[in-house]
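Note on naming: letters A, B, ... go to the chains in the order of the sequence lines (proteins, then strands), and numbering restarts at 1 for each one.
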Protein chains: 2
Amino acid sequence: MTAAKGSRLQSRSFVSAQQVAERAGVSRSAVSRTFTDGASVSEATRKKVLEAAEALGYHVNHLARGLISDRSNIVSLVVTDIATPYQSKMIEVLTRRLQLANKVAMVINTSGETDSVESALRQTLHYRADATIVLSGQPKASLIETCLNNGQHVILVNREELVPGPETVIVANRAAAREAFHMLRRAGCERLAVVASDVGSASVSGRERAFVEAAKEAGMEVRVTRFGPTAYASGAEIARLLLSRSDRPDGVFCVTDLLACGFMDAARNEFGLNIPEELCVVGFDDIEQAGWSSYELTTFRQPIDQIATHIVSQIDHQPDSRIVHEPVRFQADPVWRKSVRPK
Amino acid sequence: MTAAKGSRLQSRSFVSAQQVAERAGVSRSAVSRTFTDGASVSEATRKKVLEAAEALGYHVNHLARGLISDRSNIVSLVVTDIATPYQSKMIEVLTRRLQLANKVAMVINTSGETDSVESALRQTLHYRADATIVLSGQPKASLIETCLNNGQHVILVNREELVPGPETVIVANRAAAREAFHMLRRAGCERLAVVASDVGSASVSGRERAFVEAAKEAGMEVRVTRFGPTAYASGAEIARLLLSRSDRPDGVFCVTDLLACGFMDAARNEFGLNIPEELCVVGFDDIEQAGWSSYELTTFRQPIDQIATHIVSQIDHQPDSRIVHEPVRFQADPVWRKSVRPK
DNA sequence: GACGCGTTTGCACACCTGTGCAAAACAAAC
DNA sequence: GTTTGTTTTGCACAGGTGTGCAAACGCGTC
């Protein structure tokens, strides 16, 4: 530790295995083997090497290791709207799980303009990532195709392409959205509405469709409103649209908790409505804010921990890129709070 | 594009510059130079190379490039509580800015146990990151010391160590906290309190101290309460402690918006208090939720964009590791909303 | 001491790139 | 056609690592 102090002067001078070998009086191979699991080194040399490494401040160069071993231990996370409660939670859990699996996360932000997205996504190829996890609905299918063509292991989350190659993980949007309908019905709601964004990602439109379908089966009409990005402000804006009408809805399914928060705030603070007495609201995702006492939102919990665990366990499996993988489904269970009347 | 389809079968077979060279009928150097800015290649060969590269699906291997050029173009983001609104926003902005500068972000989650933190932080050395940006208050100074010893370029955000080497970026907590005091005073508040966590990071305790100091100068007492992590639930819990007393405060400075949201919710929903009529609240950070109509929180805005821009501009500068860098300060301006009575 | 066997070690090659250097190609001027 | 100057090209090396292979070693047995 103290011996390394001197290297502070000429910075960016990393220690190589060669230097460790010289100090320890062994060959460079011995050093390499000491830091490779399952390699054959005697206890004596191992000890000498570790001492020298500690003294010099040696750290295996993973760039070089990845170059030769075809495993960079880097996993790309491709994600839009990073600052969103849902996505940031996902990143939180995934990074932690990846670290436990001795991997490291590279975050690719795809929020910007399309061409910058493309160049960003290319990083996953540049750095020979072990896998690419697509959390974003945004990137065009063609870009994912590019990754696949280069032998990338792609894992899609909440997308619904049916192309050969990528594995897919989705939550059971359909079942949950249908249940949302019945929750509102049992609460006695007569005039139903769906609040959605016009982003058109698979999860958003999937939930919307399933809810409408369930209503139709029960012989009910549903007003669907799509507006803006999937955000708080859009939910508030839709509330203004919907609640100023004389036949305003008394039961609302927001395809996202963020939309629900905006909707509830506008309903209460701008229209003076009581929730759940005059208006029932169901959300989706169970973000942290859904549990805040200003909302107490009844919603569906995405099992983020399970999803992350599954994803990380899949990374090292070599997928067959010729077949279409059946999506792995996770159930989203309802979380009862206070935005829906108990039946 | 179509030619690459065949490579889908034997996966993880990346194309090398050698293969491109052979297909284009040039030397490998020509390929390398084509993808290196400012290298000398004739227009004719450049075109041949680009065609061959496109056909084969070639992508420069940044692991190998980083190995030789001593620039990995990887920047580590060391961060705790990733899912927090403030931190996730920071990550959002930083990743975007980094990508514009042709760098890529590696996210190191330091929320877990201490030893896992250590191994995670070591990744920044393993991958020879160009710089390490420490957004977290958590990691022990000794770990940062390790990075510095290995010639890492370390940039600290909102920490207040005074060690030689790392550059530091901080917001002017002191000035803002003092202004918070005067805002509450001008609103006529008589019984002041500070709501803080017991995490003890530099920003949290710095704001707390400056507020108390300003009060003392004005001859006023302040009740300081520290509890739990810096989170919504802690704010609510502190509200229960503080507001159940007969001499409850009528003016509160929460060192974080998240604490403020929890405090406000408990004050209103559990104690029936009106804000700002009976209780004024000032926060810090200006997270998204501060602008939601359930809160309308008067707070101080951290200039995240400016901070991120500055940080990214510093990355390529080679810092002098022997001197103590004067911290770069950013001003946090007040954002007036409705949680403080207008004077 | 000779032999046999299992473990450890060093050599040398491979991985994929950037770049200095000298040779080659080219363009221009006479 | 020769000379001069400029641009382009290929060779060969460097960068730090993992690993197959054969040699060396250690050790127990006859």
* Asked: Rounded to the nearest Å, what distance is computed from the CZ atom of residue B:Arg128 to the C1' atom of nucleotide D:dG16?
  -> 8 Å
* Between D:dT19, C:dG10, C:dT19, which one does the side chain of A:Ser32 approach most closely? -> D:dT19
* To do: Quick one: label A:Val41 by what it contacts on the DNA or RNA (base, sugar-phosphate, nothing), any heavy atom closer than 4.0 Å.
  => sugar-phosphate
* Structure fact -> Rounded to whole Å, OH of A:Tyr127 lies from P of C:dT17 at a distance of 14 Å
* Look at A:Glu43 together with A:Lys47 and state whether they make a salt bridge at an N to O cut-off of under 4.0 Å. => no
* **Pair of N/O donor and acceptor under 3.5 Å linking C:dG10 base with A:Arg33 side chain** => yes
* To do: Look at all strands and tell whether A:Tyr58 reaches a base, only sugar-phosphate, or nothing, counting heavy atoms closer than 4.0 Å.
  => sugar-phosphate
* Structure fact -> To the nearest angstrom, the CZ-P distance between B:Arg71 and C:dG18 comes to 15 Å
* Send over the distance from A:Lys48 NZ to C:dT8 C1', rounded to a whole Å. => 12 Å
* To do: Mark yes when over 12 heavy atoms from residues, nucleotides or ligands other than A:Lys103 sit less than 6.0 Å from its NZ; otherwise mark no.
  => yes
* Asked: Roughly how many Å is it from CZ in A:Arg28 to C1' in C:dT8, rounded to a whole number?
  -> 17 Å
* Asked: Which one, C:dT17, C:dA14, D:dT8, comes nearest to the side chain of B:Ser40?
  -> D:dT8
* To do: Please state how far atom CZ in A:Phe35 lies from atom P in D:dG18, giving the value in whole angstrom units.
  => 10 Å
* To do: Name the nucleic acid region contacted by A:Ser29, choosing base, sugar-phosphate or nothing; use a 4.0 angstrom heavy-atom cut-off, strictly under.
  => base
* Asked: Rounded to the nearest 0.5 Å, how far apart are CD1 of B:Ile144 and CD of B:Gln152?
  -> 11.5 Å
* Would you mind telling me which residue lines up with the more 5' stretch of DNA chain D, B:Ser27 or A:Gln19, judged by nearest nucleotide? => B:Ser27
* Asked: What about the rings of B:Phe35 and B:Tyr58, do their centers lie closer together than 6.0 Å?
  -> yes
* Of the nucleotides C:dT17, D:dT17, C:dT9, which one has an atom closest to the side chain of A:Thr45? -> C:dT9
* Asked: Out of C:dT19, D:dG18, C:dC16, which nucleotide sits closest to the side chain of B:Ala64?
  -> C:dC16
* Check B:Arg128 against A:His59 and note the closest heavy-atom contact, atom names and distance. => NH2-O, 3.0 Å
* Asked: Could one point to a donor on the side chain of B:Arg65 or the base of D:dG15 with an acceptor on the other under 3.5 Å away?
  -> no
* To do: Return the value, rounded to whole Å, for the distance between atom CG of A:Leu67 and atom P of D:dT17.
  => 12 Å
* Starting at CG of B:Asn61 and ending at P of C:dA14, how long is that distance when rounded to a whole Å? -> 18 Å
